[in-house]
Amino acid sequence: MRVSLTLTPSSTFQMQGLAEGRCDIAMTGFDNVVAYQEGQGEAPIPPNSDMFAFMGSDNAFLSVMGGKGIARFSDLKGKKLSVDALTTGFAFVLRELLAKNDIAESEVTFERAGGVVERFQELMKGTHAATLVLTPFDLLGQAKGHVQLARADEQFGAYLGVVGAARRSWARQHEQALVGFIRAYHAGVNFLYDPANREIAEALLVANMRAMTPALAKQSLTIMLGEKTGFYRDVRLDPQGAQTVLALRSKYAGRSLGDPAKYIDPSYRARALAQ
């Protein structure tokens, strides 16, 4: 089977593509799956969406990175903060971290600025005072003198970040392909965790990320392959992390959500790992 990889500029572009069948699988935030299934997504999609999460990847490695001259949360008052989309993605994480650090939403301005690459580039230019990034962008920012204001995992504990998502209708018709994808992804994660492959993993980061250095690659992998902070070696759909996502959406989107099973089907993962 030939696999075509598309890098998407924003969650809205990504979720529209998945819902409309322009792509079959999306590596996306679990919150995005929930949002569009609940009709709370920012982009219009066809009716009767049947998206679901079939495996988990990680806790999203999220942190709030300050822009030029920002050293603490209090420096953000009166400033502009960038998000991917106001009601999807990881915007709720940013809003909760602001609240935990005594910054009212009325004291800042939010601006949509696309995916993490686009937001990070604008942050480095000084366009925004802060944004939510994922590793290794936090380390790249710190190497340029910017301050990491908070790490999400230290504030929330369990959080289900990036998941593999598809449409249920597509998955039923392409079970073998989906199971194969999960097996391949699981094998890839375990390849990265093998100490014998650490130099290869570091080289891949340097080769595929602008501004990445060998030293930063080592730092990045300490987090991304850390026992407590790293990728899910068993590609699980972490139930505690899913509940955190639903709690944040319930708080900030105004609708009580409580059952992760509505958005998850672990059966494909079970078949993949059993083979």
Side-chain angles (χ1 to χ4, degrees), residues 1-8 11 14-15 17-18 23-33 51-62 90 115-117 133-140 153 158-167 170-171 174-214 216-239 241-242 264-275:
M1 175 177 289
R2 180 177 177 272
V3 176
S4 176
L5 178 65
T6 300
L7 299 179
T8 54
S11 64
Q14 181 187 54
M15 299 310 284
L18 182 63
C23 62
D24 301 314
I25 292 172
M27 296 303 296
T28 191
F30 178 57
D31 181 79
N32 287 332
V33 177
M51 291 182 282
F52 76 106
F54 57 80
M55 72 172 189
S57 172
D58 51 66
N59 68 5
F61 310 112
L62 296 172
F90 303 122
V116 65
V117 173
V133 301
L134 50 86
T135 303
F137 291 97
D138 52 346
L139 300 176
L140 290 170
D153 58 359
Y159 182 87
L160 182 55
V162 174
V163 298
R167 301 180 308 283
W170 179 87
H174 300 85
E175 177 182 341
Q176 185 176 356
L178 183 54
V179 168
F181 176 86
I182 298 168
R183 290 179 63 199
Y185 190 91
H186 179 248
V189 170
N190 280 282
F191 174 91
L192 294 175
Y193 269 100
D194 186 338
N197 299 322
R198 181 59 68 95
E199 288 188 9
I200 297 174
E202 292 171 6
L204 286 170
L205 267 181
V206 173
N208 289 282
M209 284 207 68
R210 187 180 301 175
M212 179 60 66
T213 66
L216 282 175
K218 290 180 184 295
Q219 283 184 268
S220 300
L221 291 177
T222 298
I223 296 171
M224 293 191 288
L225 301 179
E227 188 168 334
K228 293 184 178 180
T229 60
F231 291 108
Y232 301 157
R233 295 188 69 162
D234 56 0
V235 296
R236 66 187 181 277
L237 289 158
D238 181 50
I264 286 171
D265 183 349
S267 65
Y268 296 95
R269 171 188 170 274
R271 282 169 233 162
L273 269 58
Q275 294 180 8

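This one's a predicted model, so the numbers in the text were calculated from it and none came from an experiment. The basis for the numbers below is simple: all heavy atoms, side chains too, and nothing from hydrogens, waters or symmetry mates.
Interatomic distance, Ile264 CD1 to Asp238 CG, rounded to the nearest 0.5 Å: 9.0 Å. With values rounded to the nearest 0.5 angstrom, Leu178 atom CG is found 8.5 Å from Ser267 atom OG.
Take Asp24 and apply the side-chain hydrogen bond (donor to acceptor under 3.5 Å, both in side chains) test, not counting sequence neighbours, and it matches Trp170. In terms of the ring pair (Phe, Tyr, Trp, His ring centres under 6.0 Å) criterion, residue partners of Phe137 (sequence neighbours excluded) are, by chain and number, Phe120. Residues that satisfy the side-chain contact (heavy atoms from CB on, under 4.5 Å) test with Ala184, not counting sequence neighbours, are absent from this structure. For Gln219, the side-chain contact (heavy atoms from CB on, under 4.5 Å) partners at least two apart in sequence or on another chain are Leu139, Leu216. For Thr222, the side-chain contact (heavy atoms from CB on, under 4.5 Å) test picks out no residue, with sequence neighbours left out. For Leu192, the side-chain contact (heavy atoms from CB on, under 4.5 Å) partners two or more places apart in sequence, or in a different chain, are Ala201, Leu225. Remark: Thr28 pairs with Gln14, Asn32 by the side-chain hydrogen bond (donor to acceptor under 3.5 Å, both in side chains) rule, at least two apart or across chains.
Counting only residues at least two apart or on different chains, the side chain to side chain donor-acceptor pair (under 3.5 Å) pairs with a member in residues 193-208 are Glu202-Lys218. Pairs passing the salt bridge (charged side-chain N to carboxylate O under 4.0 Å, His left out) check and including a residue from residues 179-189, sequence neighbours excluded, do not occur. Within the structure, salt bridge (charged side-chain N to carboxylate O under 4.0 Å, His left out) pairs that include any residue of residues 266-275 comprise Glu175-Arg271 (at least two apart or interchain).
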> Between Thr229 and Asp153, does a side-chain contact (heavy atoms from CB on, under 4.5 Å) hold up when you go through it step by step?
Replying inline: CA-CA 8 Å; Thr229 60; Asp153 58 359; 3.8 Å; yes
> Given Leu205 and Ser220, is the side-chain contact (heavy atoms from CB on, under 4.5 Å) satisfied, shown in steps?
Replying inline: CA-CA 9 Å; Leu205 267 181; Ser220 300; 3.8 Å; yes
>> Pair Phe181, Val3 - check side-chain contact (heavy atoms from CB on, under 4.5 Å), show working.
In response: CA-CA 10 Å; Phe181 176 86; Val3 176; 5.8 Å; no
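Put simply, the side chain of Leu273 reaches to within 4.5 Å of the side chain of Val235, judged on heavy atoms.
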Which atom pairs, donor and acceptor, lie under 3.5 Å between side-chain atoms of residues 52-59 and protein residues at least two apart or in another chain?
| unit_1 | atom_1 | unit_2 | atom_2 | d |
| --- | --- | --- | --- | --- |
| Ser57 | OG | Tyr185 | OH | 2.7 |
| Asp58 | OD1 | Ala60 | N | 2.7 |
| Asp58 | OD1 | Val162 | N | 3.4 |
| Asn59 | OD1 | Phe61 | N | 2.9 |

